[in-house]
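Just follow the structure's listing: the first ligand is 1, and inside any ligand the first atom is 1.
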Amino acid sequence: MGKWSRIMYHPNLPLGEDGNKVTASAEHIAISKNAAKEGMVLLKNEKSILPLARGQKVALFGKATIDYVKGGGGSGDVTVPYVTNLAEGFKKLGARVSLFEDSIDFYEDYVKGLYKEGKMPGLIAEPTLPEDILTKAKAFTDTAIISISRYSGEGWDRKSDKVIDRTFKGVDQPLIDMTNGIFERGDFYLSKAEEELVNSVSKAFEKTVIVLNIGGMFDVSWIKDSKDIDAALIAWQGGMEGGLATAELLCGLGNPSGKLADTFARNLSDYPGTEHFHDSDDYVEYEEDIYVGYRYFETIKDASDKVIYPFGYGLSYTDFSVSRVKIREDDGIITVKANVTNNGQYAGKEVVQIYVSSPQGKLGKPEKTLVGFKKTALLEPGQTQRVVVEFPVDVFASYDDLGKIQKSAYVLEKGRYKFFVGTDVRNARSAEQEYVLDDNKIVCQLTQKMAPVALKKRLLADGTYEMLEQGDASKYNENELTPLSEDELEGMSPAIRPEKSVNRYKPADKRQLIDVFTGKISIDKFIEGLSDEDLAWLVGGQPNTGVANTFGYGNNNEFGIPNVMTADGPAGLRIQPHVGVKTTAFPCATLLACTWDPEVATKVGIAGGEEVKENNIGVWLTPAMNIHRSPLCGRNFEYYSEDPLLTGKMAAGMVRGIQSNHIAATIKHFALNNKETNRKDSDSRASERAIREIYLKGFEIVVKEAHPWSIMTSYNIINGRRASENEDMINGILRGEWGFDGMVTTDWWTHGENYKECKAGNDMKMGCGYPDRIIAALEKGAITRDELNKAAKNILTLILRID
Ligand code: BGC
C-alpha cells in the first residue's frame with residue numbers, strides 16, 4: 001500500500017490475518033486480561049488462604065461484585081463490546097469454584113436496576129445486605145469475598161475531608177456526602193455502608209477476602225489492622241476483562257506479581273501534597289518539593305509511621321529470596337547483579353528494586369530513591385534467576401537551583417552513596433558495596449528555567465523549610481494582542497477553511513507533501529511554498545473524518561497534506577459510543593505501573609496502536625504520565641506512579657509499542673497537571689528542583705529512551721506561565737536540553753493564545769486553531785514567519801512519519 005493509504009482512504013481495512021479485524025479481537029482482549037493479571041497487587045494473605053482451593057464454595061458480597069469499574073471516566077473512557085464483572089469472571093471459570101447464587105442475584109437486581117435509571121458504574125451507593133442472605137450464605141460456605149469499587153474521572157478531583165466550599169467563603173465545608181446530617185467519608189475511605197458490610201461479613205465468615213476495584217490510592221488500614229480480614233487483592237481497574245483476571249488470580253490460575261507504584265498511607269492528610277490541595281482554585285503550592293510519595297514517607301521524621309503498605313510492596317503465593325547481591329561501577333555505569341530464587345510451591349515472578357541513599361550534602365536528599373528495577377521471568381519452584389540491572393551514576397544527581405554547589409547544574413555531592421536491594425522500599429537491604437565520591441561533581445550545567453515567581457518556601461529533608469529565590473515574573477507579561485475571552489477560547493470545533501490557499505509557487509512548480517517523502521524537495525523548500533494563511537491554518541486542529549472525534553492535523557488538499565486523525569487513550573482506543581465501533585479496554589495505567597514490567601506496556605501499546613491504525617487514525621493521545629502527587633487528583637488512574645523513574649520506564653515501553661505501528665504516540669500532559677479542579681487556570685507553583693527531578697523527569701526518560709513523535713502540553717499554569725505558552729519548558733528544556741525532535745500539541749481548548757503557544761514552541765493548537773489571530777499577530781510582529789515555519793516543519797515531519 002502507498003504512503004498514507006490508511007489515513008487518506010476509507011473504508012477501514014482489517015489489519016488482521018485472514019482479513020479479520022484486530023479491533024476488540026479475542027487476541028487483544030487476551031492481552032488486556034493478561035496485563036491485568038500482571039499488575040494486581042496481593043496485599044495480605046494470612047494463613048495462605050489464597051489461592052482458593054479447587055471447587056471451593058464462596059459467597060460474593062458488595063455491589064462491586066456486579067458494579068465493576070473497568071477504568072476511569074472522561075477522555076480516558078473506552079467504548080467496549082462488554083465488561084466482565086467479578087461474578088461473571090468466576091462463572092466463566094466453571095467448576096473451579098462453587099458460587100453462592102443469592103447474593104449475586106441480589107446485587108445484580110440492585111445494580112442493573114440503577115444502570116437502567118442511568119446511574120454510572122462505580123457511582124452507586126452500597127445497599128444494605130438483607131439479613132437472610134447473610135444467614136443463608138453462612139450456611140453455604142465459610143469463605144466470603146467482598147468487593148469495593150471506586151470511580152473517578154477527568155475534570156473533577158476525588159473527595160477530600162478538608163475543602164473550602166466556595167459558596168460559604170471562609171467556612172470549611174467537607175466536600176463529602178452528608179446523609180441525614182451524618183458525616184459520610186467514602187472515596188479514599190470506606191463509606192459508612194461499606195464499613196458496615198465489611199464488619200458484618202468479615203465477622204460472620206471464617207475466611208474473608210477483600211477485592212479492591214480502584215484506580216488510585218485508598219485507605220487500606222482497615223485491611224491491615226483487622227483480624228477478621230484474611231486476604232486482600234488490589235485488582236485495580238482492570239479493563240474489560242478485569243473481573244475474569246481477578247477471579248483467575250484468586251483461584252490460582254496465575255500468581256499475583258504486582259507491586260505498589262504508590263505509597264499507601266493511613267489518612268488522606270498523611271500525603272504531603274494533600275493538605276493544601278484545595279486551598280485555592282487558582283493555584284497549588286508544591287511546598288513538599290521533591291518529597292513526593294515514598295521520598296516523603298521514608299525521609300521526613302515520623303512520616304514513616306503513617307505508611308500502611310510501602311512503595312514497591314506486593315505479595316505472591318510463593319516465597320522468593322534475593323541473594324548474592326554484587327554491585328560494581330565501571331566508567332560511571334553501575335551494574336547490580338542479584339539472585340532471585342523461588343522457594344515456595346507456586347511458579348511466580350518477583351521484582352528486584354534498587355534504591356540509592358545519597359549523602360545529604362548541602363542540598364539534602366530523599367532517604368531512598370529508586371534507581372533501577374527488574375521483574376524476573378516466571379520462576380518455577382526451586383528455580384533461580386540472576387538478575388542484572390544497569391544505570392549510570394549520573395542518575396543520582398540533584399538539581400541545584402539555589403547555587404549551593406553550583407547554580408542551575410545537576411550535581412553529585414561528595415560522600416558515600418549506599419545501595420539498597422530488595423522487593424520494596426522498606427525491605428530493601430543495604431548492599432556491601434558503596435559508591436564513594438571524594439569531590440563534588442558537576443554532571444551537567446544548565447540555565448535557570450521555569451523558576452518560581454510566587455512559591456515562597458519548600459520542604460527540606462530535615463523537615464524544615466527554606467525560602468526560595470523568585471524568578472522574573474515580568475518577562476511573562478507580553479500582551480501584544482488584546483486577549484480573547486474564555487468563551488472565545490472554549491469548545492469551538494475546527495472550521496472548514498473558507499477559501500482556497502494562495503499558492504506561492506508558480507503552477508508548474510507546485511509541490512505535494514509526498515514530494516518531500518520521496519526526496520524531490522526539502523521540507524524547508526516545501527514550507528516556503530505555503531502562504532502565511534496556509535501556515536495559520538496548518539498550526540490548528542482540522543475537522544473530524546471517519547470514526548474520529550478529537551480532530552485532525554494537516555488537511556491541505558492543495559498541497560497533498562493529509563488530514564491525520566487523532567484519538568484518545570490511554571486505556572484503549574476511544575471511539576464515541578454512537579459511532580458503533582467497540583474497542584478493547586486495557587487496564588488503567590496505575591495497574592500497568594504495578595506490573596513493574598515495561599514489556600507489558602509495550603504489548604498493550606502494540607495492540608492498542610493496531611486498533612488505532614485499523615480505524616485509520618494516525619495519532620494516539622497516549623500515554624498520560626503525570627506524577628501521582630496526591631491521591632486527590634481525579635485522573636490518577638490514567639497516570640502511572642508517584643515515582644518518575646517507574647513512570648518514565650513504563651511510558652517508554654508503551655511508546656515503543658504504539659510507534660512500532662508507524663503511528664504517533666503523544667505523551668501527556670506536559671507538565672505539573674496534578675489537579676483537575678479549574679485545570680485550565682490553576683497555577684502549579686513549584687521549585688525548579690522539584691520540576692526537574694520529579695515532574696519533568698518521567699517525560700525526560702521517555703523522550704530520551706523511546707523517541708515519542710509528539711507530546712501534549714497541559715492546561716495548567718506553571719509558576720505564572722501557561723504550560724502551553726511556556727518557552728522555558730518547550731523550546732528550552734524539551735527541545736533545547738533533551739533534543740526532542742517531534743511535534744508539540746496543546747491540550748484541547750486551552751486558555752492559551754494560539755500565537756503565543758506557537759512562539760513558545762507549541763506547534764499545534766487543538767481542538768482548533770485561531771488562524772485570524774495568527775495572521776493578526778504576524779502583521780503586528782508578535783510572531784514571525786520563521787516561528788510559524790518551525791511549527792509547520794514539526795507538524796509536517798510528524799505527518800511524514802505516519803504510515
Ligand atoms: C484531555 C486530554 C485529551 C483531550 C482530547 C482533554 O480534555 O485533557 O487528555 O487527550 O481532551 O480528548
Any heavy atom of Glu638 closer to ligand 1 than 4.0 angstrom?
no
Arg6 side chain reached by Leu15 side chain, heavy atoms, under 4.5 Å
yes
When you compare the side chains of Asp281 and Asn678, does any donor N or O come within less than 3.5 Å of an acceptor on the partner?
no
Name the orientation class of the two ring planes belonging to Tyr286 and Tyr695 (parallel below 30°, tilted from 30 to 60°, perpendicular beyond 60°).
perpendicular
Residue Ser75 vicinity, atoms of ligand 1 by number, heavy atom under 4.0 Å
1 (C), 2 (C), 3 (C), 9 (O), 12 (O)
Of the backbone atoms (N, CA, C, O) and the side-chain heavy atoms from C-beta on, which set of Glu676 has a member under 4.0 Å from an atom of ligand 1: side chain, backbone, both, or neither?
neither
How far is atom 3 (C) of ligand 1 from its nearest protein heavy atom, and which residue and atom is that?
Asp568 OD1, 3.3 Å
Check contact between Tyr715 and ligand 1, using heavy atoms of the residue and a distance below 4.0 angstrom.
yes
Look at atom 4 (C) of ligand 1 and say which protein heavy atom is nearest, naming residue and atom and giving the distance to 0.1 Å.
Asp747 OD1, 3.5 Å
So, is Thr550 polar-close to ligand 1, with some N/O to N/O distance under 3.5 Å?
no
Aromatic plane relationship, Trp749 with Phe551 - under 30° parallel, 30 to 60° tilted, over 60° perpendicular
perpendicular
Residues Asn762 and Ser724: side-chain donor-acceptor under 3.5 angstrom
no
For ligand 1, which atoms have a heavy atom of Leu621 less than 4.0 angstrom away?
10 (O)
Less than 4.0 Å is my threshold; does some heavy atom of Arg574 fall inside it relative to ligand 1?
no
Do the rings of His669 and Tyr639 sit parallel, tilted or perpendicular, given the 30° and 60° boundaries?
perpendicular
Using a strict cut-off of 4.0 Å, indicate which atoms of ligand 1 neighbour a heavy atom of Lys668.
2 (C), 3 (C), 9 (O), 10 (O)
Taking both backbone and side-chain atoms of Glu154, is any N or O found less than 3.5 Å from an N or O belonging to ligand 1?
yes
Which of the numbered atoms in ligand 1 are under 4.0 angstrom from any heavy atom belonging to Trp748?
4 (C), 5 (C), 11 (O)
Does Met712 have a heavy atom less than 4.0 Å from any atom of ligand 1?
yes
Should Ser75 and Leu621 count as side-chain neighbours, where that means a heavy-atom distance under 4.5 Å?
no
Quick test of your reading: applying salt bridge (charged side-chain N to carboxylate O under 4.0 Å, His left out), list the pairs with at least one residue in residues 622-640, sequence neighbours left out, ordered by first then second residue.
Glu154-Arg635, Glu288-Arg629, Arg635-Glu638
Carboxylate-amine/guanidinium proximity below 4.0 Å for Arg679 and Glu676:
yes
